[in-house]
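Below: one structure, written as structure tokens.
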Amino acid sequence: MDGEELTEQETALYDRQIRVWGADAQRRLSKSHILVCGMKGTVAEFCKNIVLAGVGSLTLMDDRVVTEEAWSANFLIPPDENVYGGKTIAEVCCDSLKDFNPMVRVSVEKGDLSSLDGEFYDKFDVVVVSCCSKLINEKCRKLSKRVAFYTVDCRDSCGEIFVDLQNHKYSKEAISVPWRALPRKASKLYFALRGVFEEAEGRSPGEISIADLPAVLKLKKELCEANALNASHVTDSLLERLIIGTREFPPVCAVVGGILGQEVIKAISCKGEPLKNFFFFDVMDGKGVVEDVSNPKKESK
Amino acid sequence: MVSERQLEAIKIDMDTIEVSNLNRQFLFRQSHVGQSKAKVARDAVLKFRPQMSITAHHANVKDPKFNVEFFKQFNVVLNGLDNLDARRHVNRLCLAADVPLVESGTTGFLGQVTVHVKGKTECYECQPKPAPKTYPVCTITSTPSKFVHCIVWAKDLLFAKLFGDKNQENDLNVRSSDASSSAHAEDVFVRRKDEDIDQYGRRIYDHVFGYNIEVASSNEETWKNRNRPKPIYSADVMPENLTEQNGNVAKNCVVDTSSVSAMASLGLKNPQDTWTLLESSRIFLEALKLFFAKREKEIGNLSFDKDDQLAVEFVTAAANIRAASFGISLHSLFEAKGIAGNIVHAVATTNAIIAGLIVIEAIKVLLKDTDKYRMTYCLEHITKKMLLMPVEPYEPNKSCYVCSETPLSLEINTSRSKLRDFVEKIVKAKLGINFPLIMHGSNLLYEVGDDLDEVEVANYAANLEKVLSQLPSPVTNGTMLTVEDLQQELTCNINIKHREEFDEEKEPDGMLLSGWTQAPPAKDDKQSMNDKQSIGNGGDSSNALQTEPADAVKDGEMEEISEPSGKKRKLSEGSKASILDATDGTRNHKEVEKLDDDDDDDDDVVMFDDLDSMTNKKKRLQ
């Protein structure tokens, strides 16, 4: 029983949050292992939140070199070349995050996530990737152990979170749900982002630009026709905004990173109702919306 | 939006950093504990935005140096305060300076951000905010029914009596039946010279948990419809001599007062465990002993501090024993500390969300994007598919005495009530004006200030003791009084109406203020109406037991997330007056209206009339 108790240090540090979710939930958090891939601004916010919450360990993957764009929206990267020079984004973030809570083990993993096998994923309870990836999700699903999978993306003034706790279908299935099966008021962002991502599939982050707009618009038209959706429902201006605005907007990162943090904490602690299965936030209307995108016929698995 | 402009910021915070802040206030580290929040925050921000200009003030925002001129230099003010009093103060200064204010608050998973612009939206005080909770004196001293009543008794009465200022009035023995015994009772709590500490402890124990309960129990009237409490005597609970139990206390030679702990002495390690009556009794005696053995110098000057481990142990133990007496369930130290310390539960994620939303609103204000201002609510449970719900701000409330300068009405007995009563119960307690200037026409009846001479001070002191109709400038039926706060630049006019009788139960103050929306009473305040006095649990109110100054309540009042009531109005439309409904729960349940889709980006902004009917009840996850 003694080894199971929270230490005096933990009790003092986590007092205010233990009053929210209880000591049992805190204990579960302290034993959890999180993998994060793609250290963009929103992900940095998310990492900060879960490190403060007191997870067991956090592993970061992002081999990219630090650029001005990186530190403009990622507060974990100080704009000082003396500090970040010669390091990857993951390495700089790792150093910063350790500082937030010395009780959490923060480390860096190099390499390409999609080339790693199931055994690697087995070490983790939660995987968060910052670009929509069907491939990684499938790998997580194949494991015998339940790994919670999340994607998060923020561009311009909006953001999206996808949640897969393996109790309903995702990815290939979710995003191939016929659009007419979705409620009429379903967030436009959902459709818009699908169009953008499909075009961006297979290309590196940041590669897509205004030059691609005509292609995306054409794709949108095709998708809308194929799905019998009125094309005007997803405006060109929205798509344009999403294509051009690849930079993240820090307050949106904070909001989306906060929601994502809460979701992961819920999943680990088994306390609270996880959102199912997409979350969208757009500064333009100020709403944080949850959309359930699932094909009713295939709910059985 | 990447801003290249030079940003200047000023940060004001009177607090220092505590360990319990570190789970969410991420600009701070363990090594910063004890340092000024304002200064450390400034240094931390400069690390990732070195080009910013930030000035840090380790000060109370209510300090007179932060006057209207000071506030006028800003384009926008962002509040992250933890108490109502400071929020009202800043609200008034922002109105006086005509500077937009972005207000916010969080409690656990709930939070909200609101925007206040003079003349365009409601001010922070246009909608009533719940006042801090208070309890009737006799509930605390005689008829507790909830654990919190026991905590307030243990903290504000017993702890204060034993360890606090001896000269403070204390209701601990209010039920002593005869005069001679109450004179004797005054000595009961003082440790006699050379009195053995264990004996003293048991004597106190037996007096408050045994004798006082027996005395209270004998009053037939009180217990007609209630269960009688059971007196508890130390000999019944702990027959053996305590020093034999705790030989290790003698060996405990810790000099550092902060590590002195009864729990440690007795081997009760887990703050989440609920003690038994026996354990609580042992802790009670042990804690008392440790105060005298290790912290004798402080006795007589101590006030309860939730970060004082021994004090929390003592209060928890005492509250538990009292609870056992009255058939109320006992609680763990962790729970008791939360109640006694008015601790607000908080997590990093909600704070991050609200912080992001604050910045978004602040940017709208800086860009003067008036139509886009929103009040945004962070919900715990999905409502209408939303976790973040934006709502358009209301127009100013024409009845708001703060921003609309509507006169108020006060019914009062001008031949019986003194000026002092008016100042304490109305001006300070209700209107939140702490440094008032009171005028009748051109006659100054009362003011406070450093620049007053002796004669003036004497005059005002004399005026306070006079009944209203006997003042140098008599205040009678039909008089209009003007109350001002120079710092807040607030002027409030009050029409006086004389009334002979007041209902002792419903109007215990003997006054009735109207034209001002009263904060909604807390659910079990039905009892408080029946009593003339009430006791707060750290909050301040008229007739409240003085516990500690409001500023010292670091964790602040429990955030009541304000939700819109009454009729809604879009900013951009010209509109009629919107009078708030009385907060007695009767609200209009209008249909949700939707705007036309005139602009893609703006569509689906939903206007709610009554958020309560849409949201689920707030649940605490404990």
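Bear in mind that the values here come from a model prediction, so they are computed numbers and not experimental data. Just so it is clear: chains get the letters A, B, ... in the order the sequence lines come, proteins before strands, and each one is counted from 1.
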* Yes or no on side chain to side chain contact (heavy atoms under 4.5 Å, CB included) for I382(B) and F279(A), after CA distance, side-chain angles and deciding distance? -> CA-CA 11 Å; I382(B) 298 170; F279(A) 171 82; over 6 Å; no
* Asked: Is any side-chain heavy atom of L6(A) closer than 4.5 Å to a side-chain heavy atom of Q272(B)?
  -> no
* Nearest 0.5 Å please: distance from the CZ atom of F48(B) over to the CD1 atom of I77(A). => 12.5 Å
* **Donor-acceptor contact below 3.5 Å, side chain R49(B) vs main chain F75(A)** => no
* Going through the distances and angles, do I363(B) and F249(A) end up as a side chain to side chain contact (heavy atoms under 4.5 Å, CB included)? -> CA-CA 12 Å; I363(B) 291 172; F249(A) 184 31; 3.7 Å; yes
* Structure fact -> Closest non-hydrogen atoms of F109(B) and Q262(A), given as atom of the first, atom of the second and distance, are CD2-NE2, 3.6 Å
* To do: Using heavy atoms and a sub-4.5 Å threshold, report which of residues 91-105 of chain A line up against chain B, by residue number.
  => D99(A), F100(A)
* To do: Give the minimum heavy-atom separation between V289(A) and M386(B), together with the two atoms involved.
  => CG2-CG, 4.2 Å
* Minimum side-chain heavy-atom gap P271(B)-T11(A) below 4.5 Å -> yes
* Start with the C-alpha gap between D15(A) and N23(B), add the side-chain angles, then the distance that decides, and say whether side chain to side chain contact (heavy atoms under 4.5 Å, CB included) holds. => CA-CA 8 Å; D15(A) 184 272; N23(B) 83 318; over 6 Å; no
* Asked: How long is the gap from CG on L388(B) to CG on D285(A), to the nearest 0.5 Å?
  -> 10.5 Å
* Asked: Could you go step by step and tell me if K287(A) and R374(B) meet the side chain to side chain contact (heavy atoms under 4.5 Å, CB included) rule?
  -> CA-CA 10 Å; K287(A) 290 188 195 170; R374(B) 295 289 178 267; over 6 Å; no
* **Nearest-0.5 Å distance, CG of residue L13(A) to CD of residue E18(B)** => 12.5 Å
* To do: Specify the closest pair of heavy atoms between G356(B) and P251(A), including all atoms of both residues, with the distance to one decimal.
  => O-CB, 3.4 Å
* Residue from I353(B), L387(B), L357(B) passing side-chain contact (heavy atoms from CB on, under 4.5 Å) with F281(A) -> L357(B)
* **Smallest separation among heavy atoms of G338(B) and R19(A), with atom names** => CA-NH1, 3.4 Å
* Taking heavy atoms only and a threshold strictly under 4.5 Å, list by residue number the residues of residues 45-55 of chain A that touch chain B; give 'none' if the list is empty. => E45(A), K48(A), N49(A), L52(A)
* CD on E5(A) to CG on D273(B), rounded to 0.5 Å -> 7.0 Å
* Out of A352(B), C378(B), G108(B), which one racks up the most heavy-atom pairs below 4.5 Å with chain A? -> A352(B)
